[in-house]
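Side chains included, hydrogens not; waters and symmetry mates left out as well; all remaining heavy atoms used.
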Amino acid sequence: MSNWEFLSASRLNSDCPASLNYRYNEGIKSPDNVYQILGDGGEAGVEAILRNHNSSTHHPHLAESEVWATIKRRCEETGVDLPADEDVERLVAAVMQFQPASDYVLKGAQEKIILHSAKLPIPVIGYLDFRGEEGDGEVVIDDCKVSSARLTKPKPEWILQLGVYALATKFSLGLSKLPRTRIIYLNRSSKPSCSIMEVEHTVESLSNIFLRANQIQRYLDLDWWPPNRSSQFCNERNCSFWFRCHSDHLIPYNEIVSP
């Protein structure tokens, strides 16, 4: 299938084959939402800081203007209603707390990476939020996340995503070890904050990349995409396909109980 020439971290992180089928085989797209757009705004603000923090002309409010401009542009592009000013102001407050290391140098933003491996049935692609260097040329990969939840450690799906990025960057740059990977976490709650979460890659977390890729290959080979009713996202609030999926996969009660 042409839609399966590559995998991505989001595909690997999906725990419901049916949702993969709807999205990538049947081409049913989830609508854009304001939370994604707030995430885009936060990322734009962080990039402005990373790109200009050592410049003699750097002004801290450059990041603020980038947040507002990006949110406005994305809402115009998608037709999503603008978020309340208060929500954007909280996001800006979180962005303004971000302080990169004084020796940080941004080397790339939104770079496309491809992870190839003999143990992967399909290559995995991704886009690095930020690749930089610190200290004596240490390669650092940062991914920006925005939420109103108070978190103290990275989510498992973030660890898998950054594992893909770390392996692909190591191979492409010929590094002797995995690059350092971090989450720049912007909390846009009533008490905005910014925290840096170091991501540790273990044999288990990296193995998940290959295990899940091979599981998806089995779905493709069998053309079998069952719903996962145990998924944490299997509800009408978190899954855009919930109603469609239940209609497609529920067997009428009288057919179940009839001999």
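Here the side chains of M197 and K155 are not in contact, with every heavy-atom distance at 4.5 Å or above. E134 has its side chain within reach of R180: a pair of non-hydrogen atoms, C-beta onward, lies under 4.5 Å apart. Considering only heavy atoms from C-beta on, F233 stays 4.5 Å or farther from C16 through its side chain. When side chains are defined from C-beta on, C234 does not count as touching P227, because their heavy atoms never get closer than 4.5 Å. The shortest side-chain heavy-atom distance between R229 and C245 falls under the 4.5 Å cut-off. Counting heavy atoms from C-beta outward, S190 and E86 have side chains that stay 4.5 Å or more apart. Using a 4.5 Å heavy-atom cutoff, the side chains of L167 and Y165 are not in contact.
In this structure, CG in L220 is found 9.0 Å from CG in L20, a value given to the nearest 0.5 Å. Rounding to the nearest 0.5 Å gives a distance of 9.5 Å between CG of D143 and OG1 of T181. Atom CD1 of residue I256 and atom CD1 of residue I251 lie 5.0 Å apart, to the nearest 0.5 angstrom. One finds the NE2 atom of H116 at 10.5 Å from the CD1 atom of I125 (value rounded to the nearest 0.5 Å). Expressed to the nearest 0.5 Å, how far CZ of R11 lies from CZ of R212 amounts to 15.5 Å. Taking CZ of R182 as the reference point, atom CD1 of I141 lies at 10.5 Å (rounded to 0.5 Å).
The two residues Q232 and N238 make their nearest non-hydrogen contact at O-ND2, 4.3 Å. When all heavy atoms are compared, the tightest approach of P192 to R90 is CB-O, 3.4 Å. Residues A109 and R51 come closest through the heavy atom pair CB-NH2, 3.8 Å. Of all non-hydrogen atoms in P83 and V34, the two that sit nearest each other are CB-CG2, 3.6 Å. Contact between I159 and E200 at its shortest, heavy atoms only, is CG2-O, 4.1 Å. Closest non-hydrogen pair, V95 versus V46, comes out as CG1-N, 4.1 Å.
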Assess whether side-chain hydrogen bond (donor to acceptor under 3.5 Å, both in side chains) is satisfied between D40 and Q36, documenting all intermediate values.
CA-CA 6 Å; D40 293 340; Q36 294 169 335; over 6 Å; no
Let's go through S193 and Y185 carefully: what are the C-alpha distance in whole Å and the side-chain angles of both, what is the deciding distance for side-chain contact (heavy atoms from CB on, under 4.5 Å) to 0.1 Å, and is it a yes or a no?
CA-CA 8 Å; S193 63; Y185 184 64; 5.9 Å; no
Run the salt bridge (charged side-chain N to carboxylate O under 4.0 Å, His left out) check on R244 and E26 step by step: do they pass?
CA-CA 12 Å; R244 165 77 182 269; E26 298 192 21; 2.7 Å; yes
Between V80 and R74, is the side-chain contact (heavy atoms from CB on, under 4.5 Å) condition met? List the steps.
CA-CA 8 Å; V80 173; R74 291 288 293 123; over 6 Å; no
Applying salt bridge (charged side-chain N to carboxylate O under 4.0 Å, His left out), run through R73 and E76 and close with a yes or a no.
CA-CA 5 Å; R73 173 176 55 79; E76 290 175 348; over 6 Å; no
Start with the C-alpha gap between D32 and E77, add the side-chain angles, then the distance that decides, and say whether side-chain contact (heavy atoms from CB on, under 4.5 Å) holds.
CA-CA 10 Å; D32 293 295; E77 291 172 349; over 6 Å; no
Would you sort out whether E66 and E47 count as a side-chain contact (heavy atoms from CB on, under 4.5 Å), showing the intermediate values?
CA-CA 9 Å; E66 284 294 320; E47 180 176 347; over 6 Å; no
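With hydrophobic clusters built from ILVMFWY side chains whose heavy atoms lie under 4.5 angstrom apart, L38 does not share a cluster with I183. Taken together through direct or relayed side-chain contacts under 4.5 Å among Ile, Leu, Val, Met, Phe, Trp and Tyr, L162 and V139 form parts of separate hydrophobic clusters. Transitive grouping of hydrophobic side chains (ILVMFWY, heavy atoms separated by less than 4.5 Å) brings W158 and V124 into a common cluster. No path of Ile, Leu, Val, Met, Phe, Trp and Tyr side chains, each step under 4.5 Å between heavy atoms, connects I113 with V140, placing them in separate hydrophobic clusters. No chain of hydrophobic side-chain contacts below 4.5 Å, direct or via other Ile, Leu, Val, Met, Phe, Trp or Tyr residues, connects W242 to I28.
Identified under the side chain to side chain donor-acceptor pair (under 3.5 Å) test for residues 100-110, with sequence neighbours left out: E43-Q110, Q110-D129.
Every ring-ring contact (aromatic ring centres under 6.0 Å, His included) that Y24 has, sequence neighbours left out, goes to W4. Every ring-ring contact (aromatic ring centres under 6.0 Å, His included) that Y22 has, sequence neighbours left out, goes to F241.
No donor-acceptor pair under 3.5 Å is formed between the side chain of D142 and the backbone N or O of F130. With hydrogens and angles disregarded, a donor-acceptor distance shorter than 3.5 Å links the side chain of S65 to the backbone of L62. Here the side chain of N21 pairs no donor or acceptor atom with the backbone of P17 at under 3.5 angstrom. S258 contributes a side-chain N or O that, together with a main-chain N or O of E255, makes up a donor-acceptor pair within less than 3.5 Å. Counting only distance, with no hydrogens or angles, the side chain of S231 and the backbone of N228 share no donor-acceptor pair below 3.5 Å. A donor-acceptor pair under 3.5 Å is formed between the side chain of N13 and the backbone N or O of E157. With hydrogens and angles ignored, the 3.5 Å screen pairs no side-chain donor or acceptor of H53 with any backbone N or O of I49. One N or O on the side chain of S172 and one on the backbone of T169 form a donor-acceptor pair closer than 3.5 Å.
The number of heavy atoms from other shown groups lying within 6.0 Å of OH (Y35) does not exceed 12. Other residues, nucleotides and ligands contribute only 12 or fewer heavy atoms inside 6.0 Å of the NZ atom of K177. Heavy-atom neighbours of D81 CG from other residues, nucleotides or ligands within 6.0 Å: at or below the threshold of 12. Heavy-atom contacts from other residues, nucleotides or ligands closer than 6.0 Å to CD of Q99 number 12 or fewer.
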